[in-house]
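For reference, the structure I am asking about is given below.
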Amino acid sequence: IVIEGMDGAGTTTQSRLLKVSIEKMGRSAHLTSEPTSHDIGKILRSYLSGKYKSKNVSATMALLFAADRFSHFDNDIGPHLENGVDVICDRYLTSSFVYQGLDLPAHFVSTINQYAPSPDLTIVIDVDLKTAASRRESRGNEGEIFEVPELQEKIRQRYLKLSHQHKTALVDGNASAAEVNSRIFEV
């Protein structure tokens with residue numbers, strides 16, 4: 001199960017809450033996220049912080065995300081699934097289409113991710129821009145390169161457009177964390 005949404009939508013909070021809800025049912029659940037905390041993911045975090053700037057930064061990031069994803073699936077997601085554990089991933093494939101798709105052709109993003117296994121379910125949390133901005137500000141940390149107001153509406157619209165795909169559910173994330181968790185768990 002993948003939880004997606006624009007920056008400040010609550011994907012991390014809701015991923016954690018969903019894990020707890022699944023475990024309360026007596027099932028085993030594993031929580032993970034992208035970018036990962038492994039070597040490729042650490043490089044990606046440097047790019048997301050704005051440390052690297054070049055004319056090819058978008059393509060480089062897209063390729064790094066794809067590489068991180070394949071390593072992530074092979075070394076973390078796949079083994080858990082094979083052992084019958086439910087996996088909740090905070091961001092996955094849809095994020096690449098949304099974020100890297102801002103600057104790159106969809107066919108490029110699709111091609112480099114074509115062998116990434118599809119999730120059984122993707123849940124897109126939609127929040128209004130003001131709510132997302134407030135949540136990002138409450139974190140108190142440095143924002144990432146995509147967390148600028150002029151990109152956030154584009155990102156939100158891309159998520160809304162992609163939420164109509166097969167095996168994707170759209171959930172209103174403007175309510176309290178508990179209410180949103182309830183909506184997600186219902187899905």
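Just so it is clear, the values below take in all heavy atoms, side chains as well, and ignore hydrogens, waters and symmetry mates. This structure is a prediction, so every number in the text was calculated from the model and none was measured.
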When clusters are formed by joining ILVMFWY residues with side-chain heavy atoms under 4.5 Å apart, either directly or through shared neighbours, do Ile22 and Val20 land in the same one? no
Contacts of Asp120 that satisfy side-chain hydrogen bond (donor to acceptor under 3.5 Å, both in side chains) - sequence neighbours left out: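 Asp120 satisfies side-chain hydrogen bond (donor to acceptor under 3.5 Å, both in side chains) with no residue once adjacent residues are dropped.
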Side chains of Val187 and Leu121: does their closest heavy-atom pair fall under 4.5 Å?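 Side-chain contact under 4.5 Å: yes.
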Side-chain donor/acceptor of Ser110 to backbone N/O of His107, under 3.5 Å: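 Pair absent, no side-chain N/O of Ser110 close to backbone of His107.
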Whether the side chain of Ser49 engages the backbone of Ser46 through a donor-acceptor N/O pair (distance < 3.5 Å, no angle test) should be reported.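 Yes, because the side chain of Ser49 sits within donor-acceptor range (under 3.5 Å) of the backbone of Ser46.
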Short side-chain to backbone donor-acceptor contact, Ser71 and Ala67, under 3.5 Å: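 No: the side chain of Ser71 does not pair with the backbone of Ala67.
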Checking the side chain of Asp128 only, and the main-chain atoms of Lys130 only, is there a donor and an acceptor separated by less than 3.5 Å? yes
Which distance, rounded to the nearest 0.5 Å, do you find between the CG of Asp172 and the CG of Leu170?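 Rounded to the nearest 0.5 Å, the CG-CG separation comes out at 8.0 Å.
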Least distance between heavy atoms, Val127 atom then Gly8 atom: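 Nearest pair, atom of Val127 first, then Gly8: CG2-O, 4.2 Å.
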Heavy atoms, side chains only, cut-off 4.5 Å: are Leu18 and Ile1 in contact? yes
With clusters defined by side-chain heavy atoms of hydrophobic residues (ILVMFWY) lying less than 4.5 Å apart, directly or transitively, does Met61 cluster with Leu63? yes
Rounded to the nearest 0.5 Å, what separation is found between the CD atom of Gln100 and the OG atom of Ser58?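 Here the rounded value is 7.5 Å.
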Holding to side chain to side chain contact (heavy atoms under 4.5 Å, CB included), I want the full list of residues that pass it with Thr12, two or more places apart in sequence or in another chain. Arg16, Asp90
Rounded distance [0.5 Å steps], CD in Gln157 versus CD in Glu153: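 That separation rounds to 4.5 Å.
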The side chain to side chain contact (heavy atoms under 4.5 Å, CB included) partners of Asn56 (sequence neighbours excluded) come to Ser54, Thr60
Quick note, ring pair (Phe, Tyr, Trp, His ring centres under 6.0 Å) partners involving residues 58-104, not counting sequence neighbours, are His30-His80, Tyr99-Phe146
Can you get from Val57 to Ile112 by hopping between Ile, Leu, Val, Met, Phe, Trp and Tyr side chains that sit under 4.5 Å apart?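 Same hydrophobic cluster.
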Could you report the tightest heavy-atom contact between Ala116 and Leu93, atom names first, then the distance? CB-CD1, 4.3 Å
Who are the side-chain hydrogen bond (donor to acceptor under 3.5 Å, both in side chains) partners of Ser182, not counting sequence neighbours?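 Expected list: none.
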Could you check whether any side-chain heavy atom of Leu48 comes within less than 4.5 Å of a side-chain heavy atom of Pro35, counting everything from C-beta outward? yes
Given side chains that start at C-beta, do those of Thr168 and Val124 come closer than 4.5 Å, heavy atoms only?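 Yes, at least one pair of side-chain atoms sits under 4.5 Å.
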Report the residues that fulfil salt bridge (charged side-chain N to carboxylate O under 4.0 Å, His left out) with Asp126, sequence neighbours left out, ordered by chain and then residue number.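 Salt bridge (charged side-chain N to carboxylate O under 4.0 Å, His left out) check on Asp126 returns Arg156.
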When rounded to the nearest 0.5 angstrom, what distance separates CE in Met6 from CG in Leu151? 10.0 Å
Pairs flagged by salt bridge (Lys or Arg N to Asp or Glu O under 4.0 Å) wherever residues 20-31 is involved - sequence neighbours left out: Lys19-Glu23, Arg27-Asp86
Closest approach of Val180 and Ala175, non-hydrogen atoms and distance? CG2-O, 3.7 Å
Just jot down the side-chain hydrogen bond (donor to acceptor under 3.5 Å, both in side chains) partners of Ser21, sequence neighbours excluded, or say none. Asn181
Salt bridge (Lys or Arg N to Asp or Glu O under 4.0 Å): pairs with one or both residues in residues 100-113, sequence neighbours excluded: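 Sorted pair list comes back empty.
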Tell me every residue that passes salt bridge (charged side-chain N to carboxylate O under 4.0 Å, His left out) with Arg158, counting only those two or more places apart in sequence or in another chain.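 With neighbours one apart ignored, the set is empty.
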Leu160 reachable from Val2 in the ILVMFWY side-chain graph, under 4.5 Å edges: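 Yes, one cluster joins them.
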Listed by chain and number, what are the side chain to side chain contact (heavy atoms under 4.5 Å, CB included) partners of Ser37, not counting sequence neighbours? none
Mind listing the closest non-hydrogen atom pair of Ser15 and Leu31 along with its distance?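 Scanning both residues, the minimum pair turns out to be CB-CD1, 3.5 Å.
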Near Glu186 CD, under 6.0 Å, is it more than 12 heavy atoms from other residues, nucleotides or ligands? no
Heavy-atom closest contact (Ile77 atom, Cys89 atom, distance):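 Distance-wise, the nearest heavy atoms are CD1-SG, 4.4 Å.
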Using side-chain hydrogen bond (donor to acceptor under 3.5 Å, both in side chains) as the criterion, list what pairs up with Ser95, not counting sequence neighbours. Glu4, Tyr159
Search all heavy atoms of Gly5 against all heavy atoms of Thr11 and return the closest pair with its distance. N-CG2, 3.5 Å
Heavy atoms, side chains only, cut-off 4.5 Å: are Leu162 and Thr122 in contact?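 Side-chain contact under 4.5 Å: no.
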Between CG on residue Asp7 and CZ on residue Arg91, distance to nearest 0.5 Å: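 Separation between the atoms: 5.5 Å.
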Are Met25 and Ile3 linked, directly or through other ILVMFWY residues, by side chains that come within less than 4.5 angstrom of each other?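 Yes; Ile3 is reachable from Met25 via cluster members.
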Between CG on residue Asn174 and OG1 on residue Thr131, distance to nearest 0.5 Å: 4.5 Å
Min side-chain heavy-atom separation Ile125-Ile184 under 4.5 Å: yes
